[in-house]
Engineer: 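One structure coming up, written as structure tokens, with questions to follow.
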Amino acid sequence: MWSDETIVAFRKALLDWYDAKGRDHLPWRMNQDPYRIWVSEIMLQQTQVNTVIPYFNRFVMLFPSIRDLAEADEEVLLKAWEGLGYYSRVRNMQVAAQQVMTDYDGVFPSDPAEIIKLKGIGPYTCGAISSMAFGLPEPAVDGNVMRVFSRLFEIGDDIAKPATRKLFELLVRIVIDPDRPGDFNQAIMDLGSDICGPVNPRPEESPLREFNAAYKNGTMHLYPFKSKAKKPVVMDLHGVVVRRGNAYLMEKRPSGGLLGDFWTFPLVEEGPEDEPIGSFTHVFSHRKWRVQVHVQEADSKRELADNMKWVLEEDFPEYAFAVPQQKMWEIVKKHERKLF
DNA sequence: CACCCGTGGGA
DNA sequence: TTCCCAAGGGT
């Protein structure tokens with residue numbers, strides 16, 4: 001491990017670079033409001049900064065306070081998250097907002113031991129909020145931190161394994177700057193998103209090059225080590241768009257699963273005999289859908305299942321449509337235009 | 001721990 | 001096309 005002198009020099013090199021080259025324009029870095037930092041950190045989970053920015057601005061406009069979030073209508077909430085993916089994030093965040101209202105009198109807790117009790121906040125997000133909003137010297141170990149530190153110290157542990165995170169937390173606790181822990185954590189992530197990125201890193205440009213063991217030893221290509229992810233399982237489905245006048249049959253997906261609680265045109269494994277009007281594929285983390293799209297006029301009135309209803313086309317904007325649903329709808333509209 | 005949960009972009 | 005990637009957490 002480094003000497004105390006090295007640690008002090010490392011902090012200075014990193015934070016000087018951050019002060020000069022860090023991304024100080026990000027909308028959640030305007031101030032240290034724990035609510036805004038919280039929202040941004042949830043959105044940034046597995047999601048890139050450029051994708052998040054417009055969602056973040058809209059979200060804090062729609063729900064300016066923890067109370068607004070706690071009391072929000074579920075469909076409005078989901079609509080605000082439409083297209084971001086990993087929709088349990090926003091549902092968990094609302095549960096957590098309700099926790100803050102009831103358990104902490106509406107004030108976001110400042111103790112990491114309490115913060116981590118909130119739904120949807122795990123070790124990374126707890127550390128990020130603790131350090132950025134409350135100035136506590138807590139590690140916030142994400143993929144960036146593991147990548148940067150694996151190169152700095154030539155650590156070959158598999159960063160895809162959950163247990164590996166703990167090793168990096170120990171390291172960060174040692175080297176984090178106790179005077180500017182939030183800036184320290186963000187500086188590592190800014191560095192990891194560009195100069196020390198996963199592909200084509202430019203260590204010669206890094207403010208940390210003299211501390212980087214892998215760079216100095218010519219072993220950059222070995223770090224970080226990450227085992228391969230499994231390929232998504234392919235599913236062949238039929239999307240059946242049933243029309244009755246200006247209304248369409250919609251089905252609410254079961255809670256908890258993939259795209260849980262979303263309203264969708266019915267999706268079935270055994271499709272109708274008629275020809276599809278189009279098809280598309282959609283790739284999730286662990287599944288790949290190949291969907292053939294059919295249109296049908298409603299047949300004689302049969303009882304609707306509990307999870308189905310007719311929705312007027314003019315009401316579609318009030319519903320959150322996940323991307324596969326949007327793709328189905330695009331195919332239907334394209335088909336209709338072709339008929340004229 | 002292994003698996004589940006979205007989406008868009010880049011090589 | 002296919003692969004990998006991105007500021008993870010819940011179960």
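Quick note on labels: first sequence line is chain A, next is B, and so on, each numbered from 1.
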Engineer: The criterion is side chain to side chain donor-acceptor pair (under 3.5 Å); which residues satisfy it with A/D103, sequence neighbours excluded?
Structural biologist: none
Engineer: In residues 124-139 of chain A, which ones come under 4.0 Å of DNA chain C, going by heavy atoms?
Structural biologist: A/Y124, A/T125
Engineer: Go nucleotide by nucleotide along DNA chain C from the 5' end; which of A/I121 and A/S40 gets its closest nucleotide reached first?
Structural biologist: A/S40
Engineer: For the residue pair A/R58 and A/Y55, would you count it as a cation-pi contact if the rule is NZ or CZ under 6.0 angstrom from the ring centre and within 45 degrees of the ring axis?
Structural biologist: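 Relative to the ring axis of A/Y55, which defines the angle, A/R58 lies inside both limits.
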Engineer: Looking at residues at least two apart in the chain, or sitting in another chain, which of them share a side chain to side chain contact (heavy atoms under 4.5 Å, CB included) with A/V241?
Structural biologist: A/Y248, A/F265, A/V293, A/V295, A/V332
Engineer: Please give the remaining members of the hydrophobic cluster of A/W310, linking ILVMFWY side chains under 4.5 Å, ordered by chain and number.
Structural biologist: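 Members alongside A/W310: A/V240, A/V242, A/L249, A/V268, A/L304, A/M308.
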Engineer: Do the rings of A/F108 and A/F134 sit parallel, tilted or perpendicular, given the 30° and 60° boundaries?
Structural biologist: parallel
Engineer: If the cut-off is 4.0 Å, is A/R91 near the phosphate of C/dG10, judged by side-chain N/O to OP1 or OP2?
Structural biologist: no
Engineer: Over 60° means perpendicular and under 30° means parallel, so classify the ring planes of A/F211 and A/F10, tilted if in between.
Structural biologist: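 Because their plane-to-plane angle is over 60°, the rings of A/F10 and A/F211 count as perpendicular.
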Engineer: In the hydrophobic cluster built from side-chain contacts under 4.5 Å, what are the other members alongside A/Y223?
Structural biologist: A/L222
Engineer: Give, ordered by number, those residues of residues 168-202 of chain A having at least one heavy-atom distance below 4.0 Å to an atom of DNA chain C; if nothing qualifies, reply none.
Structural biologist: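 When residues 168-202 of chain A is checked for heavy atoms under 4.0 Å from DNA chain C, the hits, listed by number, are A/M189, A/P198.
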Engineer: Sugar-phosphate means primed atoms, P, OP1 and OP2; the rest is base. With that split, encode nucleotides 1-7 of chain B 5' to 3' as B, S or - using protein heavy atoms under 4.0 Å.
Structural biologist: SSSBBBB
Engineer: Who pairs with A/K309 by salt bridge (Lys or Arg N to Asp or Glu O under 4.0 Å), at least two apart in sequence or on another chain?
Structural biologist: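 Counting only residues at least two positions away or on another chain, A/K309 forms no salt bridge (Lys or Arg N to Asp or Glu O under 4.0 Å).
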Engineer: Remember a base hit wins even if backbone is also touched, and classify A/V49 as base, sugar-phosphate or nothing at under 4.0 Å, heavy atoms.
Structural biologist: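 Base contact.
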Engineer: Near DNA chain C, under 4.0 Å by heavy atom, which residues of residues 56-74 of chain A?
Structural biologist: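 The stretch gives none, as no residue of it lies under 4.0 Å from the strand.
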Engineer: Given A/V291, which of A/I331, A/D236, A/T281, A/L267 fulfils the side-chain contact (heavy atoms from CB on, under 4.5 Å) condition?
Structural biologist: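 Testing each of A/I331, A/D236, A/T281, A/L267 against A/V291, the sole residue satisfying side-chain contact (heavy atoms from CB on, under 4.5 Å) is A/L267.
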Engineer: Using the salt bridge (Lys or Arg N to Asp or Glu O under 4.0 Å) rule, collect all pairs that involve residues 238-248 of chain A, keeping only residues at least two apart or in two chains.
Structural biologist: A/R243-A/E297, A/R243-A/E336
Engineer: Does C/dC3 have OP1 or OP2 sitting under 4.0 Å from an N or O in the side chain of A/K231?
Structural biologist: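 Answer is yes, contact under 4.0 Å.
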Engineer: Please pick, from C/dA6, C/dG9, C/dC3, the nucleotide with the shortest atom-to-atom distance to any side-chain atom of A/P123.
Structural biologist: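 Given the options C/dA6, C/dG9, C/dC3, the side chain of A/P123 is closest to C/dG9.
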Engineer: Would you list the atom pairs, donor with acceptor, under 3.5 Å between side chains in residues 159-172 of chain A and any protein atom, with sequence neighbours excluded?
Structural biologist:
from	atom 1	to	atom 2	distance (Å)
A/T164	OG1	A/D158	O	2.6
A/T164	OG1	A/K161	O	3.4
A/R165	NE	A/E169	OE2	2.8

Engineer: Could you note down all residue pairs passing side-chain hydrogen bond (donor to acceptor under 3.5 Å, both in side chains) where residues 206-218 of chain A supplies at least one of them, sequence neighbours left out?
Structural biologist: A/E154-A/N217
